[in-house]
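Remarks on the structure that follows.
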2 protein chains.
Amino acid sequence: MKRSIEDIRRQELIEGAYRAFLQFGIDGLTTARICKEAGMSPGILSYYFKSKDEVLFWMVRHANRVIMDEVVNRMKQATTRWDRLMAIVEGNFPEDLFEQNVANAWLSFYVASAKDVQLERLQRLFHRRLASNLSSCVCHLVEGEQIRHFVAAVAILIDGTWLHRAAIHSRMTSAEAISLIKSQIESTLGSDVVTAAKNTPVSP
Amino acid sequence: MKRSIEDIRRQELIEGAYRAFLQFGIDGLTTARICKEAGMSPGILSYYFKSKDEVLFWMVRHANRVIMDEVVNRMKQATTRWDRLMAIVEGNFPEDLFEQNVANAWLSFYVASAKDVQLERLQRLFHRRLASNLSSCVCHLVEGEQIRHFVAAVAILIDGTWLHRAAIHSRMTSAEAISLIKSQIESTLGSDVVTAAKNTPVSP
DNA sequence: CAAATTTTTGTATGCTCGTACAATTTTTTG
DNA sequence: CAAAAAATTGTACGAGCATACAAAAATTTG
């Protein structure tokens with residue numbers, strides 16, 4: 001069974017919204033701009049979606065999937081806990097996405113999610129996934145309370161680095177971001193735990 | 001010479017804007033809301049200011065001064081490099097300001113400064129001040145390139161922690177934020193540098 | 001106190017945007 | 001091919017907002 005016109009149009013609008021999102025952030029997303037970006041006429045959005053907010057919702061899921069694919073693909077190839085950890089960090093800074101407009105767009109999503117319960121739920125889902133992935137890399141290697149501290153610190157470092165890429169005119173590259181977070185992780189865990197992580201296979 | 005009515009009214013409007021800012025962020029700031037918060041009628045803003053953006057500009061300066069006062073007061077009492085460092089960290093997390101609405105408000109300022117050259121200049125000024133203060137705590141204690149890395153890491157940790165307070169429903173307290181950043185700093189610098197910082201007086 | 005000046009009020013204007021929808025075109029069906 | 005259904009277009013409406021400004025009120029001046 002081939003995709004219906006409806007599915008195709010909805011997907012096109014979501015991807016149009018995504019492109020507009022990367023350029024202008026959530027505030028720059030008007031129905032007209034979304035439709036134009038998708039190559040359609042202005043009124044079409046309300047034919048295929050209940051409202052602009054519905055497009056926004058699916059667009060954010062789409063945007064997150066782009067990043068998550070980067071993470072997951074790298075994690076598949078990891079053989080040690082340490083490799084998994086690096087897969088998460090590196091996957092969160094794809095070279096072609098780590099630039100000011102994109103960082104600003106994500107920042108605007110964070111702001112918007114404070115006033116939109118749907119977006120807030122997505123946001124928390126994304127955070128739980130990240131926290132869960134990070135935990136799996138260090139559990140059994142460090143003690144319980146330490147795990148929560150480690151996860152919080154790395155999450156803050158990742159998001160904080162994106163924030164700086166957005167706000168400060170920093171020209172930081174993704175390689176520099178990864179290297180900064182990597183060395184923070186190393187000094188936080190300590191060399192013995194790092195060595196253990198590098199020698200622990202992924203499964204257990 | 002007493003303050004003119006104009007100075008008083010402008011200050012009242014700026015403070016009204018600040019209160020509205022803390023509650024609703026930059027997007028929630030309408031001229032009507034600012035005037036209402038200042039206890040004046042809606043049209044008064046355009047009598048004392050060229051535009052809403054001008055109020056925004058002064059309001060952000062005011063908001064930053066609130067934080068900077070916290071930092072500066074703590075730094076005055078510092079006798080060692082380490083104390084100065086802690087003064088900066090603690091001053092950036094005043095207990096009564098470290099809560100979700102305020103964090104969201106600051107986040108919305110970061111987003112807005114991407115599309116407003118005036119706000120962007122303020123933002124960069126704030127960042128240079130922070131970086132300069134941080135540098136002064138570790139220069140001569142660690143080598144040149146290391147300083148830049150250290151400053152970047154701490155700045156990212158501070159902003160990242162605010163971002164998390166805004167976005168994740170984290171209930172993190174200011175004490176927890178300070179403690180997290182403090183331990184990150186300690187493991188980054190290494191115990192010998194920390195000891196040196198604790199034994200180095202502030203002036204040179 | 002009366003005229004002049006300053007300050008404040010309330011509103012009108014124009015703009016942007018989301019949404020609904022009638023009119024039109026395209027596709028499908030029998 | 002004609003009728004019905006689906007898809008698309010363009011626009012009109014209303015809401016929310018920044019700004020300007022005429023009218024009113026308050027204050028100062030002579």
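Proteins come first, then strands; the chains are lettered A, B, ... in the order of their sequence lines, and each starts at number 1. Computation of the quantities below employed the complete heavy-atom set of this structure, encompassing side-chain atoms and omitting hydrogens, waters and symmetry-equivalent molecules.
- Backbone-only contact: Leu29(B) has heavy atoms under 4.0 Å from sugar-phosphate atoms and none from a base.
- Whole-Å rounding puts the Met40(B) CE to dT6(C) C1' distance at 15 Å.
- Comparing dT8(C), dT8(D), dT11(C) by their closest approach to the side chain of Pro42(B) singles out dT11(C).
- If you take CD1 of Ile34(B) and P of dC17(D), they are 12 Å apart, rounded to a whole angstrom.
- When rounded to the nearest whole Å, the span between CG of Leu56(A) and P of dC17(C) equals 15 Å.
- When rounded to the nearest whole Å, the span between CG of Leu13(B) and P of dA18(D) equals 14 Å.
- Counting only heavy atoms from C-beta on, Ile5(A) has its side chain closest to dT8(D) among dT7(C), dT8(D), dT19(D).
- Taking atom CD1 of residue Ile26(B) and atom P of nucleotide dC17(D), one finds them 15 Å apart after rounding to whole Å.
- We find that NZ of Lys50(B) is positioned 13 Å from C1' of dA18(D), with the value rounded to whole Å.
- Residue contacts for Tyr48(B): at a heavy-atom cut-off of 4.0 Å it reaches the sugar-phosphate backbone alone, with no base atom in range.
- With respect to Arg33(B) and Glu37(B), no salt bridge is recorded, no charged nitrogen being found less than 4.0 Å from a carboxylate O.
- One atom, CG of Leu45(A), and another, P of dC17(C), lie 14 Å apart when rounded to the nearest Å.
- Taking OG1 of Thr161(A) as the reference point, atom CD of Glu176(A) lies at 11.5 Å (rounded to 0.5 Å).
- The aromatic rings of Phe126(B) and Phe109(B) lie tilted to each other, with the angle between the two planes from 30° to 60°.
- Comparing dA6(D), dG18(C), dT8(C) against the side chain of Thr31(A) picks out dG18(C) as the nearest.
- Listed here is the closest heavy atom pair of Trp106(A) and Val60(A): CH2-O, 4.5 Å.
- Nearest nucleotide to the side chain of Tyr47(A), out of dG18(C), dA6(D), dT9(C): dA6(D).
- Distances were taken from every side-chain heavy atom of Ser41(A) (C-beta onward) to each of dT9(D), dG10(C), dT11(D); the shortest belongs to dT9(D).
- Residue Thr30(A) is classed as a sugar-phosphate contact, given heavy-atom separations below 4.0 Å to backbone atoms only.
- Using a 4.0 Å cut-off, no side-chain N or O of Arg33(B) falls inside it from OP1 or OP2 of dC17(D).
- In terms of position along DNA chain C, the nucleotide closest to Gly43(B) lies nearer the 5' end than the nucleotide closest to the other residue of the pair Gly43(B) and Asp27(A).
- The 12-atom threshold is not exceeded at CZ of Arg61(A), counting heavy atoms of other residues, nucleotides or ligands nearer than 6.0 Å.
- The separation between Ile44(B) atom CD1 and dT9(C) atom P is 6 Å, rounded to whole Å.
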